[in-house]
Asker: 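Would you mind keeping the following structure in view while I ask a few things?
To find a chain, count down the sequence lines: A is the first, B the second, and so on, and within it residues start at 1. On a predicted model such as this, the values are computed, not experimentally measured, just so you know.
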2 protein chains.
Amino acid sequence: MMNRTDSDEEKKTPAFQMVIDHLREQILSGGLAPHASLPSERAIGEQFGISRMTARRALLAIEMEGLAYSSGRRGRFVSPQRLTYDISRTVSLSALAGKEELGLTIKVVSQQTIEADAALSAKLAVAEGEALYKYTRVFLLKDHPAFIEEEYAVARLFPGLLDHNLQQSTTTLMEKEYDMPPHSGDITIRMRALNEDEAGLLGLPTYNAGIELEQVIYGANGKPFCFGRQIWRGELAEFSAHAIVRG
Amino acid sequence: MMNRTDSDEEKKTPAFQMVIDHLREQILSGGLAPHASLPSERAIGEQFGISRMTARRALLAIEMEGLAYSSGRRGRFVSPQRLTYDISRTVSLSALAGKEELGLTIKVVSQQTIEADAALSAKLAVAEGEALYKYTRVFLLKDHPAFIEEEYAVARLFPGLLDHNLQQSTTTLMEKEYDMPPHSGDITIRMRALNEDEAGLLGLPTYNAGIELEQVIYGANGKPFCFGRQIWRGELAEFSAHAIVRG
DNA sequence: CCAGCCTATTGGTATATACCAGATTCCAAG
DNA sequence: CTTGGAATCTGGTATATACCAATAGGCTGG
């Protein structure tokens with residue numbers, strides 16, 4: 001059935017591995033351009049003389065490598081390039097805004113006014129129950145989701161914030177319209193599995209891994225005014241920083 | 001066959017999902033302590049009345065969530081707690097050293113002297129071909145691998161470095177023995193799939209995702225003297241920073 | 001008591017098959 | 001030309017089965 005080329009050398013080299021190597025080479029060599037479609041599970045199965053489940057497995061590995069993304073039942077496509085986010089230079093997406101060539105668009109998923117719970121009141125140094133603006137947005141590169149951002153802003157400091165167009169950098173908005181430039185930020189980055197909602201918004205299977213970035217943004221007076229949580233497709237994120245050693 | 005409780009509500013809720021939810025609850029509630037063993041694929045299959053492949057799928061999802069790790073053909077075990085690495089305060093593992101309760105040990109995998117290639121000479125601002133010390137170490141928590149570190153140090157600055165015991169913080173070593181305290185660092189963090197060697201050292205299946213952290217460490221004179229690359233088990237890593245906005 | 005072997009168990013790989021539901025394509029009826 | 005629906009894609013879920021290799025545990029003979 002299979003035409004494994006490893007029969008001469010001792011043994012092993014799984015079948016799905018050959019498919020992975022083949023697809024990776026195709027993608028990295030540029031034989032398949034970003035957003036081009038990959039062969040279907042069944043097609044790969046026939047092409048390599050393996051079962052669909054084995055082909056599927058290879059494709060899922062390619063997805064995990066970040067080389068491709070799947071889009072529901074439409075098929076799988078080659079991933080675009082990784083973005084770099086300099087956390088010691090910027091807060092929020094100011095570094096990305098203006099990069100028109102990336103095809104960055106923002107989709108507002110929800111916006112509302114809520115009351116601070118215990119966790120948020122601690123992060124934003126406000127009383128529990130104080131009004132906060134909460135808005136959720138998805139950032140897309142050429143219609144391909146890159147990350148989700150949930151932001152919580154102290155409502156008292158930004159009256160009418162939700163009346164503005166949220167399809168832009170909110171830190172720019174806060175700086176220009178409310179004279180609240182960001183001064184510093186506390187950032188936490190970790191890798192974790194996505195829940196169902198997040199996976200749905202990012203177009204990923206549930207329990208795929210992604211990168212979570214949380215940040216509290218402080219104003220010139222040293223007080224926090226905004227808390228944000230971003231969930232990135234892992235293969236698209238890259239974070240850089242320049243740190244001065246203290247103590 | 002199965003005893004799915006979702007027959008009353010409309011439909012769906014995959015079988016493997018029930019297993020995931022059950023295992024997650026068990027682990028998060030503390031019913032299963034860190035490093036305790038999980039039921040085998042076959043045992044879960046029988047317990048839930050599903051096939052082994054479906055049980056396997058649920059277990060792999062639990063692994064991806066970081067709640068458990070597999071250890072070759074010995075079985076699967078509950079993951080220990082996540083570590084936090086403050087990149088704006090420290091370089092290398094000084095933050096972790098001294099935390100005896102974590103059971104941190106270091107295994108030296110290899111050490112050698114090499115010549116700088118183009119990439120390394122650029123990062124370390126030395127001539128191509130200049131001698132560098134290279135050593136690879138695995139950091140373990142109670143015998144459970146947490147991350148791999150490859151470090152490259154400019155040999156000229158640290159004569160005889162490899163004669164020291166490398167089962168300790170090398171930045172401390174460089175500071176105490178060679179009077180080269182770290183002053184600042186350039187750090188890059190990304191998520192990516194592991195290759196075979198890395199997966200082997202970390203006890204993970206190949207093509208699992210992990211977090212890569214690269215850093216160039218600069219001395220007080222502003223010159224780089226050490227380049228390191230760490231590959232973390234994603235579920236164990238957490239990076240934090242305090243950043244001042246510039247520009 | 002310990003070394004060596006045998007066996008049971010575990011995860012890893014692989015197949016063939018089946019049905020479902022969303023997406024796309026295309027053609028025919030209006 | 002447009003709309004409707006059918007046929008045909010796609011991936012998602014699930015099963016039953018098979019063999020392999022590495023591990024762990026128990027037993028047995030020295």
Asker: Report the residues that fulfil salt bridge (charged side-chain N to carboxylate O under 4.0 Å, His left out) with Arg76(B), sequence neighbours left out, ordered by chain and then residue number.
Answerer: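 Applying salt bridge (charged side-chain N to carboxylate O under 4.0 Å, His left out) to Arg76(B) gives Glu41(B), Glu63(B).
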Asker: Taking only N and O in the side chain of Thr54(B), is any of them less than 4.0 Å away from OP1 or OP2 of dA14(D)?
Answerer: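 No, because none of the side-chain N or O atoms of Thr54(B) sits under 4.0 Å from OP1 or OP2 of dA14(D).
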Asker: For the pair made of CZ in Arg52(B) and C1' in dC19(D), what is the distance, rounded to whole Å?
Answerer: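 Spelled out: CZ on Arg52(B) to C1' on dC19(D) is 11 Å.
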Asker: Please report, rounded to the nearest Å, how far the P atom of dT10(D) is from the CD atom of Glu46(A).
Answerer: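 Rounded to whole Å, this separation is 9 Å.
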Asker: Holding to ring pair (Phe, Tyr, Trp, His ring centres under 6.0 Å), I want the full list of residues that pass it with Tyr133(B), two or more places apart in sequence or in another chain.
Answerer: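 Expected list: none.
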Asker: Rounding to an integer number of Å, can you tell me how far Phe77(A) CZ sits from dT24(C) C1'?
Answerer: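 Taking CZ of Phe77(A) and C1' of dT24(C), I get 11 Å after rounding.
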Asker: Over how many whole Å does the gap from Phe16(A) atom CZ to dG12(C) atom P extend?
Answerer: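 The distance from CZ of Phe16(A) to P of dG12(C) comes to 10 Å, rounded to the nearest Å.
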Asker: 5'-most contact on DNA chain C: Ser71(A) or Met53(A), nearest heavy atom basis?
Answerer: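 Between the two, 5'-proximity favours Met53(A).
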Asker: Please report the distance, rounded to the nearest Å, between CD1 in Ile62(A) and C1' in dG11(D).
Answerer: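 Interatomic distance, CD1 of Ile62(A) to C1' of dG11(D): 17 Å.
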Asker: Can you tell me how far P of dG11(D) sits from CD1 of Ile44(A), to the nearest Å?
Answerer: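 Checked: the CD1 to P distance equals 8 Å.
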Asker: If I take atom CZ in residue Arg57(A) and atom P in nucleotide dA14(C), what distance separates them, rounded to the nearest angstrom?
Answerer: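 Atom-to-atom, Arg57(A) to dA14(C), this comes out as 7 Å.
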Asker: Could you pull out all donor-acceptor pairs under 3.5 Å where a side-chain atom in residues 19-32 of chain B meets a protein atom, sequence neighbours excluded?
Answerer:
residue: Asp21(B); atom: OD1; partner: Gln17(B); partner atom: NE2; Å: 3.4
residue: Asp21(B); atom: OD1; partner: Arg24(B); partner atom: NH1; Å: 3.1
residue: Arg24(B); atom: NE; partner: Glu65(B); partner atom: OE1; Å: 3.1
residue: Arg24(B); atom: NE; partner: Glu65(B); partner atom: OE2; Å: 3.4
residue: Arg24(B); atom: NH2; partner: Tyr207(A); partner atom: OH; Å: 2.7
residue: Arg24(B); atom: NH2; partner: Glu65(B); partner atom: OE2; Å: 3.1
residue: Ser29(B); atom: OG; partner: Glu25(B); partner atom: O; Å: 3.0
residue: Ser29(B); atom: OG; partner: Gln26(B); partner atom: O; Å: 3.2
residue: Ser29(B); atom: OG; partner: Gly31(B); partner atom: N; Å: 3.2

Asker: Using salt bridge (charged side-chain N to carboxylate O under 4.0 Å, His left out) as the criterion, list what pairs up with Glu212(A), not counting sequence neighbours.
Answerer: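 Listed in chain order: Arg190(A), Arg192(A), Arg229(A).
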Asker: Could you list the protein-to-nucleotides 5-10 of chain C atom pairs, N/O on both sides, closer than 3.5 Å?
Answerer:
residue: dT10(C); atom: OP1; partner: Ser40(B); partner atom: OG; Å: 3.3

Asker: In chain order, what residues pass the side-chain hydrogen bond (donor to acceptor under 3.5 Å, both in side chains) check against Ser79(B), with sequence neighbours excluded?
Answerer: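 For Ser79(B) there are no side-chain hydrogen bond (donor to acceptor under 3.5 Å, both in side chains) partners, ignoring immediate neighbours.
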Asker: Rounding to an integer number of Å, can you tell me how far Leu59(A) CG sits from dT10(D) C1'?
Answerer: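 Checked: the CG to C1' distance equals 12 Å.
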Asker: Which nucleotide in the set dT15(C), dT13(D), dT13(C) lies at the smallest distance from any side-chain heavy atom of Arg56(B)?
Answerer: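 Nearest to the side chain of Arg56(B) among the choices is dT13(C).
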Asker: Can a donor-acceptor pair be found between the side chains of Glu149(B) and Thr136(B) at a distance below 3.5 Å?
Answerer: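 Side chains of Glu149(B) and Thr136(B): no pair found under 3.5 Å.
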Asker: Are a donor atom and an acceptor atom from the side chains of Thr54(A) and Arg57(A) found within less than 3.5 Å of each other?
Answerer: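 Side-chain D/A pair, Thr54(A) to Arg57(A): absent.
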